[in-house]
Amino acid sequence: QVTSFQGVAVRSLCTTSPHEHPEHGRLVYKGNLAKMVLGVRFFSYSTSVFNLFMMPYIMLKTGIGFESLFIQAAFYGLIGFFTFVTPVTLHVLTKGYVIRLYYKDEMDTYTAITYNAILAEKATVFHQKDVKIPDITKMFTTFYAKTKSMLVNPTLFPDPQDYNHLMGYDKSFYFNLEEEKEADERK
């Protein structure tokens with residue numbers, strides 16, 4: 001593969017497609033909010049750490065003090081609440097956001113790449129048969145892979161067939177009326 005970079009020919013020696021990963025398979029989905037999720041979580045973590053280090057300094061230098069132990073506990077509790085609850089809440093809300101999703105045809109397995117609590121990429125491998133669609137639409141869940149909730153945007157799949165296969169929409173739908181009658185009679 002030869003491309004031009006400012007008039008100079010550059011040759012790429014890559015043997016696989018840019019959408020192939022040797023370990024995970026073919027890239028079928030790339031989340032468009034990955035950098036934003038990482039940035040917001042990093043900002044939240046950094047402001048919390050800054051707050052932890054600066055609050056004692058500010059309290060000592062400014063002389064802000066309360067004579068009542070109850071008011072001091074309430075004030076520090078409020079500061080601590082926002083210091084710890086905001087990053088934890090952001091982690092809980094975004095831990096299932098899929099950054100990239102790979103598919104391995106020969107094994108019918110998916111590898112979802114998400115961010116863990118320390119902002120490192122985490123790979124979750126699952127089979128298509130492990131995918132469960134929630135009965136009730138949930139705000140931050142498109143499907144469950146085994147027991148882990150995952151969030152993807154269906155419109156970001158370059159090939160809609162990949163999304164259909166992931167969700168199991170490409171399987172034939174089978175009704176057995178006799179089994180339905182027996183199940184109703186048992187109830």
Side-chain angles (χ1 to χ4, degrees), residues 1 3-6 10-53 81-171:
Q1 175 182 355
T3 55
S4 176
F5 180 71
Q6 295 182 348
V10 179
R11 184 171 298 258
S12 173
L13 300 175
C14 184
T15 58
T16 60
S17 165
H19 298 293
E20 285 286 325
H21 190 277
E23 184 181 338
H24 303 307
R26 177 176 55 94
L27 180 67
V28 295
Y29 172 83
K30 189 171 181 182
N32 62 347
L33 297 177
K35 287 184 180 181
M36 195 174 310
V37 167
L38 181 65
V40 167
R41 286 180 63 183
F42 180 77
F43 179 74
S44 176
Y45 286 176
S46 63
T47 56
S48 292
V49 168
F50 179 77
N51 193 21
L52 283 175
F53 286 113
F81 177 80
F82 287 110
T83 300
F84 294 110
V85 170
T86 303
V88 169
T89 303
L90 282 172
H91 171 68
V92 168
L93 293 178
T94 62
K95 70 181 178 180
Y97 182 75
V98 177
I99 303 164
R100 292 182 309 279
L101 185 67
Y102 296 95
Y103 177 64
K104 218 174 219 181
D105 293 320
E106 57 273 359
M107 300 175 73
D108 196 27
T109 58
Y110 288 93
T111 303
I113 308 295
T114 57
Y115 289 125
N116 63 12
I118 58 170
L119 303 180
E121 290 186 359
K122 177 184 174 189
T124 304
V125 179
F126 57 95
H127 287 82
Q128 193 282 324
K129 64 182 177 191
D130 296 330
V131 172
K132 303 282 185 254
I133 302 169
D135 294 332
I136 300 170
T137 304
K138 300 200 175 181
M139 186 177 291
F140 295 103
T141 303
T142 307
F143 64 92
Y144 291 101
K146 297 179 182 174
T147 57
K148 186 175 180 182
S149 66
M150 300 281 179
L151 176 66
V152 296
N153 184 348
T155 60
L156 294 179
F157 281 83
D159 184 7
Q161 291 299 72
D162 288 329
Y163 177 74
N164 290 338
H165 183 69
L166 170 69
M167 301 300 277
Y169 297 152
D170 60 346
K171 294 179 182 176

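These numbers come from a predicted model, not from an experiment. In this chain, residues are counted from 1 in sequence order.
Considering only residues two or more places apart in sequence or on other chains, H91 meets the ring pair (Phe, Tyr, Trp, His ring centres under 6.0 Å) condition with none of them. With sequence neighbours left out, R41 forms a salt bridge (charged side-chain N to carboxylate O under 4.0 Å, His left out) with no residue at all. Under the ring pair (Phe, Tyr, Trp, His ring centres under 6.0 Å) criterion, F157 pairs with Y29, Y163, sequence neighbours left out. Contacts of D135 classified as salt bridge (charged side-chain N to carboxylate O under 4.0 Å, His left out), with partners at least two apart in sequence or in another chain: none. Here M107 pairs with K104, T109 under the side-chain contact (heavy atoms from CB on, under 4.5 Å) rule; sequence neighbours left out. Residues forming a side-chain contact (heavy atoms from CB on, under 4.5 Å) with S149 (at least two apart in sequence, or on another chain): T141, Y144.
Using modelled atom types, no side-chain atom of E121 and backbone atom of Y115 make a donor-acceptor pair closer than 3.5 Å. Between the side chain of T83 and the backbone N or O of S48, no donor-acceptor pair lies under 3.5 Å. Put simply, the side chain of T47 gets close to the backbone of S44: a donor and an acceptor are under 3.5 Å apart. At distances below 3.5 Å, not a single donor-acceptor pair connects side-chain atoms of Y97 with backbone N or O atoms of V37.
Here the straight-line distance linking atom CG of L90 with atom CZ of F42 works out to 14.0 Å at 0.5 Å rounding. To the nearest 0.5 angstrom, D108 atom CG is 9.0 Å from K129 atom NZ.
Contact record, Y45 with A117: OH-O, 2.8 Å, taken as the closest heavy-atom pair.
Between the side chains of T124 and K146, no donor N or O sits under 3.5 Å from an acceptor N or O.
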